[in-house]
Engineer: 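Right, I'll just put the structure down here and ask away after.
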Number of protein chains: 2
Amino acid sequence: MSDKNSHLGEFEHLLLLALMQLGGKSHGTLIRHNLKDLVNRDASIGALYATLERMEKKGYVTSSVGEPTAERGGRAKRYFEVTAEGKKLLKQTKKNLEVMWQGVQLWQNL
Amino acid sequence: MSDKNSHLGEFEHLLLLALMQLGGKSHGTLIRHNLKDLVNRDASIGALYATLERMEKKGYVTSSVGEPTAERGGRAKRYFEVTAEGKKLLKQTKKNLEVMWQGVQLWQNL
DNA sequence: TCCATTTCCTCTACTTTGTATAATAAATAA
DNA sequence: TTATTTATTATACAAAGTAGAGGAAATGGA
């Protein structure tokens with residue numbers, strides 16, 4: 001067993017990992033910065049939400065709207081979190097990649 | 001530095017790794033079996049070639065047709081191999097994933 | 001010879017993911 | 001009550017993922 005006929009797209013994969021890292025404070029702007037800071041990925045905010053929403057539809061994440069904050073422009077944020085199914089898929093994806101990387105050697109000069 | 005504005009898709013990633021594993025003997029049917037055996041991925045042969053050809057166009061792989069073999073139906077095979085650019089991208093992809101996985105914990109019960 | 005069979009590759013059309021831009025919404029400060 | 005700020009939503013298009021049918025090259029036996 002392994003595959004299960006459903007895979008995480010490349011960007012989906014990164015997004016789920018960003019959510020895992022950020023924990024309870026995962027909302028659009030923060031997620032975006034996380035990706036930028038950690039792997040220099042410049043995702044537009046629209047790209048981000050579109051993908052997150054698709055994953056919500058598929059049951060890999062859930063979202064909920066929080067309270068507004070007291071700062072200027074501090075409207076309520078939408079927080080995302082990874083579901084059990086999302087985590088399962090993450091785990092599977094990681095395992096598959098580890099298997100495929102097994103024995104593969106990439107030389108220094110690259 | 002990191003991103004570079006070009007990423008490996010999920011399937012592209014797996015295919016490049018399959019080529020690395022198979023080395024000089026990477027042709028359609030074998031690659032397909034490699035994916036099936038290692039990660040239980042059932043890719044149609046059409047899906048496989050389409051993706052390989054797109055990657056060739058992008059410069060991540062090259063291909064060349066070999067000699068027919070003496071067996072029944074042993075027509076010439078088309079062999080694929082990963083280019084230096086493909087390897088560079090593989091390496092970058094791996095690094096990015098390692099960074100994103102950093103500190104992420106997935107519990108047993110999944 | 002020529003047709004059935006085998007192995008392998010090509011074509012093509014469609015779905016899903018990745019992506020950016022523009023628009024909208026809610027909040028606060030003046 | 002409007003300008004500004006933070007944040008999300010809508011929409012449209014390009015790229016990647018995918019399957020299925022069809023074509024090509026080889027061999028073995030009528």
Side-chain angles (χ1 to χ4, degrees), chain A residues 3-16 18 25-33 35-36 39 41-61 63-80 89 93 96, chain B residues 3 5-16 18 22 25-36 39 41-61 63-80 86 89 93 96:
Chain A
D3 195 50
K4 205 54 157 206
N5 185 1
S6 58
H7 322 107
L8 286 177
E10 186 264 343
F11 190 47
E12 293 180 326
H13 190 179
L14 293 182
L15 276 181
L16 288 190
K25 44 190 194 309
S26 309
H27 67 277
T29 310
L30 232 197
I31 297 169
R32 184 144 172 274
H33 285 144
L35 251 23
K36 175 61 178 171
V39 295
R41 175 69 155 259
D42 262 312
S44 74
I45 195 70
L48 209 140
Y49 279 105
T51 301
L52 249 9
E53 262 158 28
R54 284 171 189 159
M55 286 201 286
E56 185 165 38
K57 203 162 293 173
K58 289 186 285 190
Y60 304 162
V61 306
S63 70
S64 56
V65 180
E67 292 299 305
T69 60
E71 0 148 37
R72 191 137 153 65
R75 68 173 284 199
K77 297 175 181 63
R78 182 173 172 192
Y79 296 99
F80 291 87
L89 212 42
T93 300
N96 286 163
Chain B
D3 194 48
N5 185 0
S6 59
H7 322 107
L8 287 177
E10 185 264 345
F11 190 48
E12 292 181 325
H13 191 178
L14 293 182
L15 277 181
L16 288 190
L22 295 169
K25 44 190 195 310
S26 309
H27 67 278
T29 310
L30 231 197
I31 296 169
R32 182 144 173 276
H33 285 144
N34 183 265
L35 251 21
K36 174 64 178 170
V39 293
R41 175 69 155 258
D42 262 313
S44 73
I45 195 69
L48 208 141
Y49 279 104
T51 300
L52 249 10
E53 262 157 28
R54 283 171 190 161
M55 286 201 286
E56 186 164 36
K57 202 160 295 172
K58 290 186 283 188
Y60 305 162
V61 305
S63 71
S64 56
V65 180
E67 292 298 306
T69 60
E71 357 147 40
R72 190 139 154 67
R75 66 172 286 196
K77 296 175 182 63
R78 181 174 172 191
Y79 295 100
F80 291 87
L89 212 41
T93 300
N96 285 162

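Every chain is numbered from 1, with letters handed out A, B, ... down the list of sequences.
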Engineer: Where the side chain of Ile45(B) is defined as all heavy atoms beyond and including C-beta, which of dT18(D), dA21(D), dT9(D) is the nearest nucleotide?
Structural biologist: dA21(D)
Engineer: Taking only side-chain N and O atoms of Lys77(B), does any of them lie within less than 4.0 angstrom of OP1 or OP2 on dA25(D)?
Structural biologist: no
Engineer: Nearest to the side chain of His27(B), which nucleotide is it out of dT19(C), dC8(C), dA7(D)?
Structural biologist: dC8(C)
Engineer: Whole angstrom is fine here: how far is it from CG in Leu8(B) over to P in dG17(D)?
Structural biologist: 9 Å
Engineer: Any side-chain N or O of His7(A) under 4.0 Å from OP1/OP2 of dT18(D)?
Structural biologist: yes
Engineer: Looking at dA19(D), dA20(C), dT10(C), which one has an atom nearest to any side-chain atom of Ala47(A)?
Structural biologist: dA20(C)
Engineer: Does Gly9(B) reach a base, just sugar-phosphate, or nothing at all? Heavy atoms under 4.0 Å.
Structural biologist: sugar-phosphate
Engineer: Within less than 4.0 Å of OP1 or OP2 of dT9(D), is there a side-chain N or O belonging to Arg78(A)?
Structural biologist: yes
Engineer: From the list dA27(C), dT10(C), dT18(D), which nucleotide is the closest neighbour of the side chain of Pro68(A)?
Structural biologist: dA27(C)
Engineer: I'd like to know if Arg75(B) reaches the base of dA24(D) with its side chain such that a donor and an acceptor end up less than 3.5 angstrom apart.
Structural biologist: yes
Engineer: What about Arg72(A), does its side chain sit under 3.5 Å from the base of dT5(D) through a donor-acceptor pair?
Structural biologist: no
Engineer: For dT18(D), does either OP1 or OP2 sit under 4.0 Å from a side-chain N or O belonging to Arg32(B)?
Structural biologist: no
Engineer: Report which part of the nucleic acid Ala43(A) touches: base, sugar-phosphate, or nothing (heavy-atom distance under 4.0 Å, all strands).
Structural biologist: sugar-phosphate
Engineer: In whole Å, what is the span from the CZ atom of Arg54(A) to the C1' atom of dG17(D)?
Structural biologist: 13 Å
Engineer: Could you state the CZ-C1' distance from Phe11(A) to dT19(C), rounded to the nearest angstrom?
Structural biologist: 8 Å
Engineer: Have a look at Thr29(A) and say if it touches a base, only the backbone sugar-phosphate, or nothing, with a 4.0 Å heavy-atom cut-off.
Structural biologist: sugar-phosphate
Engineer: So, does Lys58(A) get its side chain near the phosphate of dT16(C), meaning an N or O under 4.0 Å from OP1 or OP2?
Structural biologist: no
